[in-house]
Amino acid sequence: MSRFGGYRWKHKPPDSDSKVATGHKNQSDMILQYKASVIDKCKVATEHNLSCVALATRYTEPVIIQRSKEQTEKYYREHVRSVDASSHLLSNDKNHSIRIDQLFSPDCDGNKPKTVILSGDSGRGKSFTLQKIMLDWATGELYSEIFDVMFLFKCEELKCIFEEMSLFELLSWSCSLTSNEISQILELTPEKVLILIDGIDEYVSHPPSHSMLVLTNPSDRARPMDILRSVLKGILLPESFMLVTTRSVAADAVMNLLKGPQRFTEIVGFSERGVQEYFQKFFQDKKLFRKTYERVKINESLLTACSVPLLCWMVCFCLKKHFTDDDHVIRELKTNTSIYVHFVSTLLEHHDQSQSVLTMLRSLGQRAEEGVKKREGLFVEKSVTATGLDPATNVFLYKDSLKRNNRQVPVFKFMHLSFQEFFTALYYVLLDKEESWGKVTELLNSMKLKGIINRPSPERRSNPIPSVVMFLCGLLNEKASSSLFEMIKWTVPQIIKLKTNLQESLLTVRRQHGCELFALRCLFELQDEKVVRRALGDWVSMNLHNVSLRSTDCWVLLYCLQCCPHVRYLNLMYCDLTAEKLKILQPALCMCKIMSCS
């Protein structure tokens, strides 16, 4: 049996000491050349199409939590019933923070994980972390003694490749090594291979063409997503290690595939010290750094928002461009949507457009909506120009390339997936009266009828519709959207009617078990106290039992409780509360007659 799976070599591989020594020497040379290509590719971070910076000088390590075995087993029991959690998970008594260099360290029983799952909400820094791991391995700073070679796959790219290839060709497709070189490396040291897979959620939304196809021979040809299934399961490359990222703990379809033992970790963003470090690296000038950071620090809710790396970068960008009036900008940044609005407005102010801004934003929104509906993030040039956009000059689209049939094909994507969701929501409020009403009604109906919000957390968090709804709520907040709408001289048609429709939808959604926090987040983005009171009017008892609350969620909960003083019973049992989170909630907690928390 081959180390690649159920494959037997047609010819016996060389086994004399001299030939093995020669093989190791050749392998060493190949890997050194490969590392040089990785350094060249990963050393620069393109900050969402706006600037290029050295990754090593900008990267700030986020907080990563290793979930306890008990907590992860509970998740398995609730969502992945077909898997025996006890046989898949490593021992770990309680949640604790873990560094990147500890991801593959043995547990307290001496067992090492074969698969590390790095989950995290959108914008928390998962992709940048994988890029930094690749760079640090290539420079000898990380995992050089554990892994001889690493391969990085992005699922958003794999799902766009339809030609059939072998495992060796797929690995070669992702890097500078040839199929023959990869075959040689895998035969000599298969147990020192790490495969990084970014965005495993895409596997859920785009399952393999032959979901039951099992590949046992690395020479068998199939589509990349079909090959991926056998790699995830450990049928191909069983001795290799894997690090996969996902917006959430992946749903049943993926969790049942991942080989064990498994370690579940979650990237939660920057600590307060991390936010300070990022500001310092971004501004570089000490005086400018002190001025901006100290002002943000005073605004506790904005400081908490900056714990999300993407939002932190956007806030820094806006403040740098408006450093003469940063106090005004800081006061305006109250919600996630307001940060996106100010960022987009700032970009429009500082970049010339070849067409009217309103026309460009509508075209951008049309392209975004089509991508959201089809769950696509990469677009060929023809599909971009079909909406009237000029991809060469549009600052919100990032040009990339995709290898197809041995040639590089130009593709475009939004600077971040969340911008695709934002521009979809923006598109709905930039249409004329009837079309806008129709699009919003269709969106809200799909949210309710398809039961997206009350699905298990993994499916909900990887689905774009809830994010579009939240951005829509934020754009109907006149104060938050004013900087953009004043620029394009636009008034949202039927805004009162749209708010009423949203209010009724959220009233329906929040009555569904497990949807309470989503409804609260939407109301927070809306920032309309009258709507909040009507939407939560009969909510005397608020049960968030077993809902993991982030610090940002605590600001959401505080706002809603302050708008609705009639809430008398509050259940916060098993919500991952800390002293810092309780401090945020403290002004509203005293208003509750009965409260349960742990």
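Residues F128 and A45 come closest through the heavy atom pair CE2-CB, 3.6 Å. Nearest heavy atom pair, residue I197 against residue L232, reads CD1-CD2, 3.7 Å. Listed here is the closest heavy atom pair of Q408 and S401: OE1-OG, 3.1 Å. The shortest heavy-atom contact between A305 and I339 is CB-CD1, 4.3 Å. Between I100 and E61, the shortest heavy-atom distance links the atoms N-OE2, 3.3 Å. Scanning both residues, S105 and P113, for their nearest heavy atoms gives O-CD, 3.7 Å.
Side-chain contact between V38 and L152: absent, with no pair of heavy atoms (C-beta onward) separated by less than 4.5 Å. Proximity of F282 to K320: side-chain heavy atoms (C-beta onward) are separated by under 4.5 Å at one or more points. By the 4.5 Å heavy-atom criterion applied to side chains, I161 and M225 are not counted as neighbours. The shortest distance between side-chain heavy atoms of L311 and Y340 falls below 4.5 Å. The side-chain heavy atoms of E181 and S176, taken from C-beta on, include no pair separated by under 4.5 Å. No side-chain heavy atom of F241 sits under 4.5 Å from any side-chain heavy atom of I146. Using a 4.5 Å cut-off on side-chain heavy atoms (C-beta onward), L397 and R367 make no contact. Two residues are said to be in side-chain contact when any heavy atoms from C-beta on lie closer than 4.5 Å; L228 and F153 fail this criterion.
A donor-acceptor distance shorter than 3.5 angstrom exists from the side chain of R263 to the backbone of L103, with no hydrogens or angles considered. Between the side chain of K413 and the main chain of D400, no donor-acceptor pair closer than 3.5 Å is present. Side-chain atoms of R221 come within 3.5 Å of backbone atoms of E164 as a donor-acceptor pair (strictly under, hydrogens ignored). Proximity of a side-chain donor or acceptor of S307 to a complementary backbone N or O of S271 within less than 3.5 Å is not detected. Under a 3.5 Å cut-off, the side chain of S230 and the backbone N or O of I227 do not form any donor-acceptor pair.
Here the CD atom belonging to Q420 is positioned 10.5 Å from the CD atom belonging to E369, to the nearest 0.5 angstrom. Atoms OG1 and CD, from T189 and Q184 in turn, are 10.0 Å apart once rounded to the nearest 0.5 Å. For the atom pair CG of L118 and CD of E266, the computed distance is 9.0 Å after rounding to the nearest 0.5 Å. Here the straight-line distance linking atom CD1 of I182 with atom CZ of F168 works out to 8.5 Å at 0.5 Å rounding. Atoms NZ and OG1, on K132 and T60 in that order, are 10.0 Å from each other to the nearest 0.5 Å. Note that the OG1 atom of T245 and the CD1 atom of I117 stand 11.0 Å from one another [nearest 0.5 Å].
The cationic group of K192 does not satisfy the cation-pi geometry with F147, failing either the under 6.0 Å distance to the six-membered ring centre or the 45° limit from the ring axis.
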Residue pair K281, E277: steps toward the salt bridge (Lys or Arg N to Asp or Glu O under 4.0 Å) verdict: CA-CA 6 Å; K281 289 179 176 180; E277 181 184 337; 2.9 Å; yes

Evaluation steps, side chain to side chain contact (heavy atoms under 4.5 Å, CB included), between F289 and Q276: CA-CA 9 Å; F289 151 67; Q276 181 178 351; 3.9 Å; yes

Side chain to side chain contact (heavy atoms under 4.5 Å, CB included) between L188 and D148, intermediate numbers included: CA-CA 10 Å; L188 287 171; D148 283 347; over 6 Å; no

Pair T178-M30, side chain to side chain contact (heavy atoms under 4.5 Å, CB included): steps then yes or no: CA-CA 10 Å; T178 67; M30 285 187 294; over 6 Å; no

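Shown are F423, F422, F414, F419; of these, the ring pair (Phe, Tyr, Trp, His ring centres under 6.0 Å) with F396 is made only by F423. Checked options Y278, Y59, W313, F279; the residue passing with F270 is Y278 (criterion: ring pair (Phe, Tyr, Trp, His ring centres under 6.0 Å)).
For the 3.5 Å distance criterion, the side chains of K403 and S172 fail to qualify, holding no donor opposite an acceptor.
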